[in-house]
Amino acid sequence: MAPQARVEPDDELFSSIRCTVLAAGQYAFAPGWRLARTSAPHYRMFVATDGAASFSIGDRSHALAAGGVVLVPPHTPHEARHHPAAPLSAYVIDFEAKLHGVLDVAEVCGLPVSLMPSALRRPKFAASAHAIAHHLAGRIPGYQLAVHSHCLRLLDLLWKEALARGARGGELLRFRPVFTLVERRFGERLTLRDLADTVHLHPAYFSASFKRAAGVGPHEFVARYRLERARDLLVASDLPLDQIARRTGFFDAAHLVRVFRRHEGTSPGRYRRAHASGAA
């Protein structure tokens, strides 16, 4: 059996995913169980181990049976119920996942809302879901790394299933040189031609193709990436704003403050203090 940590060539994008598990557990739902209509600001994954349930997610219906997976997108109304004769048992995992700290992983990779994995991958879904719930409950030193790794593995399994079913996520693979360039030079001035040249495309065609694959235009991706790196430096360092601005591609501290307020609804200073105090 291949090691779980092995990364195949087509999975290189996953090395840039930031996955944060917010809650997880294994549940045997009572015969009268019903999930009232709700929504969450993060992803919610159900990995069924027994029984069955019917879900309404957005305006579509989905069936969940033993071995199946349901992935509810953020801010999407959903509800569920099961038949008392076949009560659902499942792992439930609440998490956030961003590619390069910017792109919505499930959206840009075309991950399905529900599926029945292949027989080969079914036990792998259950094993990683169990590991996440176990490590999160035990909180043994180092548990964060284990939880992140297994969350990433669940996404990797979904990615492989999606690609096998013709999902559009494969389009992102051609833009790996663009992501690499942005990661290395986000603090510098980057033109549309700079980005397009990495994949040998005309700037106009590149811009349209990138937006179709990533869901955002190349300039917006660069801007979001710089803002994400600025957030990191605000929390992880005591550098003054002008140095953070220069390191992350902003003109000056005033420029960073304007952009930060527009996107975060608060100032960089307040953001830093809130995270330093554990309030955020």
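Counting from 1, the numbers follow the sequence of the chain as shown. Note that the coordinates shown come from a computational prediction; the quantities given were computed from them, not determined experimentally. The figures that follow rest on heavy atoms only: side chains count, while hydrogens, waters and symmetry mates do not.
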Minimum heavy-atom distance between P117 and G67, given as atom pair plus value: CD-O, 3.2 Å
Distance-minimising heavy-atom pair for Y91 and A126: CE1-O, 4.0 Å
ILVMFWY cluster membership beyond L64 - transitive side-chain contacts under 4.5 angstrom: Y27, F29, W33, L35, F46, F55, I57, V70, V72, L88, V92, V113
Approximate separation, where rounding is to 0.5 Å, of M45 CE and I93 CD1: 6.0 Å
Side-chain touch S114/V69, heavy atoms, less than 4.5 angstrom: no
S149 side chain to L145 backbone, donor-acceptor under 3.5 Å: yes
Heavy-atom donor-acceptor pair, R272 side chain to L234 backbone, under 3.5 Å: yes
Hphob cluster co-occupancy, V21 + L157, side-chain heavy atoms under 4.5 angstrom: yes
Closest contact, heavy atoms only, I132 versus C151: CD1-N, 3.6 Å
Pair F251-R246, side-chain contact (heavy atoms from CB on, under 4.5 Å): steps then yes or no: CA-CA 7 Å; F251 295 121; R246 288 196 298 271; over 6 Å; no
Close side-chain approach of D252 and H255, heavy atoms under 4.5 Å: yes
CZ (R193) with more than 12 external heavy atoms under 6.0 Å: no
Side-chain donor or acceptor of H78 paired with backbone N/O of T76 under 3.5 Å: yes
Partner of H100 under ring-ring contact (aromatic ring centres under 6.0 Å, His included), chosen from F175, F179, F186: F179
Chi angles and distances behind the side-chain contact (heavy atoms from CB on, under 4.5 Å) call for D94, Y43: CA-CA 6 Å; D94 287 2; Y43 282 99; over 6 Å; no
Transitive ILVMFWY side-chain link V235 to L239, under 4.5 Å: yes
Side-chain heavy atoms of F95 within contact of L155, under 4.5 Å: yes
Rounded distance (nearest 0.5 Å) linking atom CZ of R247 with atom CG of L256: 13.5 Å
H148 atom NE2: more than 12 heavy-atom contacts under 6.0 Å: yes
D197 vs F206 side-chain heavy atoms within contact, under 4.5 Å: no
Side chain proximity check, R229 to R231, heavy atoms < 4.5 angstrom: no
Any donor-acceptor pair under 3.5 Å from T49 side chain to S89 backbone: yes
Gap separating the CG atom of L233 from the CD atom of Q243, nearest 0.5 angstrom: 10.0 Å
Hydrophobic cluster membership, L158 vs M116, 4.5 Å side-chain cutoff: no
Co-membership, hydrophobic cluster, residues Y205 and L195, 4.5 Å side-chain: yes
Nearest non-hydrogen partners of V147 and L136, listed with the distance: CG2-N, 4.1 Å
Point-to-point distance, once rounded to the nearest 0.5 Å, from CZ of R270 to CZ of F260: 12.5 Å
For R224, all residues meeting salt bridge (Lys or Arg N to Asp or Glu O under 4.0 Å), sequence neighbours excluded: E220
Atom CZ of R121: over 12 foreign heavy atoms under 6.0 Å: yes
V216/K211 under side-chain contact (heavy atoms from CB on, under 4.5 Å): CA gap, chis, key distance, verdict: CA-CA 5 Å; V216 298; K211 186 171 184 178; 5.8 Å; no
Validation row: R174, V199 side chains within 4.5 angstrom (heavy atoms): no
Closest contact, heavy atoms only, G249 versus R226: CA-NE, 3.9 Å
Modelled atom types, side-chain donor and acceptor of R153 and S128, under 3.5 Å: yes
Close aromatic pair by centroid cut-off 6.0 Å: H275 and Y271: yes
K98 and E228: CA distance, side-chain angles, deciding distance, salt bridge (Lys or Arg N to Asp or Glu O under 4.0 Å) verdict: CA-CA 11 Å; K98 293 289 185 180; E228 184 67 19; over 6 Å; no
Nearest-0.5 Å distance that lies between atom CZ in R37 and atom CD in E79: 5.0 Å
Nearest non-hydrogen partners of A162 and P112, listed with the distance: CB-CD, 3.9 Å
Heavy-atom check, side chain of V178 versus side chain of F221, under 4.5 Å: no
Rounded distance [0.5 Å steps], OG1 in T180 versus CZ in R185: 12.5 Å
Heavy-atom side-chain proximity of H82 to P87 below 4.5 angstrom: yes
Sidechain N-carboxylate O distance under 4.0 Å for E96, R18: no
Check: S118/E161 side-chain N/O donor and acceptor closer than 3.5 Å: yes
